[in-house]
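Right, one structure below, let's go through it.
Just so it is clear, the model here is predicted, and its values are computed rather than measured.
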Amino acid sequence: MKNLSHYLPGLIFILISGCLDNPAPVRTVINNPEFVTGLNAPIGMVLDNKQNLWVTESGTGNNDSQLTLITPAGKKHVVANGFPSMIRVQENIPVGLHHLIIKDNKVIMIHSSGDGDGSLYTLDISHYKIGDPPVNASSLEKKDISTFIKNEIQAEYSNPYDIVSGPNEEIYIVDAGANAIIKIDKSGKQSLVAEIEGIQNPAEVGPGKLESVPTGIIWDGEKFLITTLNGFPFPQGYARVLQMDVDGNVKNYKGGYNSLTGITLSPSKRLVVIEYARFVPPPQSQPGWQANTGRLLIGDGDPIVLMDGLNTPTAVVSSVGGFYYVNSFHDGKILRIKTIGT
């Protein structure tokens, strides 16, 4: 992503109904939703088959980005550490590991250097046991992925951000800097799948055309769904979910969002997305990303707000029993949200 208070108090009960694509009531029950705190800029999350949550932390800018496993009971275990971490000066945020997948007993993690270069780190976890000493990043397999994309489309900047396992044992990577999707086949060969077009800027400030800034990607078994953030000034209501086939044909799927950063499917295969925050452009007072304005939304029709007041979420994971995990990049925490009817 180029540019990118405690949470809601205590006990909150929200009942929302009347969604176009599901008339049954959807209920979100929140009772002390903080699942884990004390993380350093968590950004990516994935669940394994034992319901352990694997989380990438960007770190503090002191080469302390790391991979952390969190048990269903909320206990943290550092699995791998020592990944490069730096402060991106433009936004004053730490940059290190981005998103991840677990595939064939390996954790595959995207890493961004913060200055336009990205790599994949691969960790074999076939023999990992909870409580094992952390593995240092310097011992892991590392593969450059930004050089290809910059050369392929003459992009000035690359920022590989999210990753998904697709059909035919291939992985697909969203590059939020180059506004492109690349594919890596099982032999390791990289190829360009699609370039994601931007939109005309509806605001009075900023460039005439906004970059798309693709952020999240999932494969639903038939097509890819991709979220966009859009570039400065990040206008409200213009972020989109796109759909893409395996040949790289891209079209609009759903619009009307604010600065999307993540996507998943509910147990009933409904679209679930997160909005990072609302952005106030200069010269208005207190410009920038507004704290606690992120949202968790569900529905392919008129979306239902499952939760608002989120602070800079970058990942959402659907779990068993109607639970969702949602992180807060700036607060260093993960929320565990219970829903009914999703």
Item to complete: Write down the atom of I87, the atom of T60, and the distance for their closest heavy-atom approach.
Response: CD1-O, 3.4 Å
Practice prompt. Could you tell me whether the side chains of H111 and S119 share a donor-acceptor contact shorter than 3.5 Å?
Written response: no
Discussion item. What I'd like to find out is whether the side chain of I263 reaches to under 4.5 Å of the side chain of I217, using heavy atoms alone.
Written reply: no
Worksheet item: In terms of side-chain heavy atoms, does T228 have a donor or acceptor partner in Y238 at a distance below 3.5 Å?
Response: no
Discussion item. Do L140 and T122 make a side-chain contact, defined as non-hydrogen atoms from C-beta onward lying under 4.5 Å apart?
Written reply: no
Practice prompt. Taking the side chain as every heavy atom from C-beta outward, state whether P160 and S146 have any pair of such atoms under 4.5 Å apart.
Written response: yes
Worksheet item: Could K103 and E169 be called an ion pair, given the rule that one side-chain N must be under 4.0 Å from one carboxylate O?
Response: no
Worksheet item: Do T227 and T215 get their side chains close enough for a donor-acceptor pair, meaning under 3.5 Å?
Response: yes
Worksheet item: Once you round to the nearest 0.5 Å, how far does CE of M307 lie from CG of L335?
Response: 6.0 Å
Discussion item. Any heavy-atom pair between the side chains of T342 and L306 that's under 4.5 Å?
Written reply: yes
Worksheet item: Any chance the side chains of N136 and S139 put a donor and an acceptor closer than 3.5 Å?
Response: no
Discussion item. Checking side-chain polar atoms at under 3.5 Å, does R240 have a donor or acceptor matched by the opposite partner on N252?
Written reply: yes
Item to complete: Please assess I173 against H99 for the test side chain to side chain contact (heavy atoms under 4.5 Å, CB included), listing each intermediate value before the final yes or no.
Response: CA-CA 10 Å; I173 293 172; H99 288 268; over 6 Å; no
Worksheet item: What are the two closest non-hydrogen atoms of S319 and P267, and how far apart are they?
Response: O-CG, 4.5 Å
Worksheet item: Going by the angle between their ring planes, with limits at 30° and 60°, are W289 and F234 parallel, tilted or perpendicular?
Response: tilted
Fill in: Check: N179 and E195 side chains under 4.5 Å, non-hydrogen atoms
no
Practice prompt. Would you check if there is a donor-acceptor pair between the side chains of D175 and S158 at a distance under 3.5 Å?
Written response: yes
Worksheet item: Does the side chain of T68 come under 3.5 Å of the side chain of E57 through a donor N or O and an acceptor N or O?
Response: yes
Worksheet item: Any idea how F83 and Y121 line up, ring-wise: parallel (<30°), tilted (30 to 60°), or perpendicular (>60°)?
Response: perpendicular
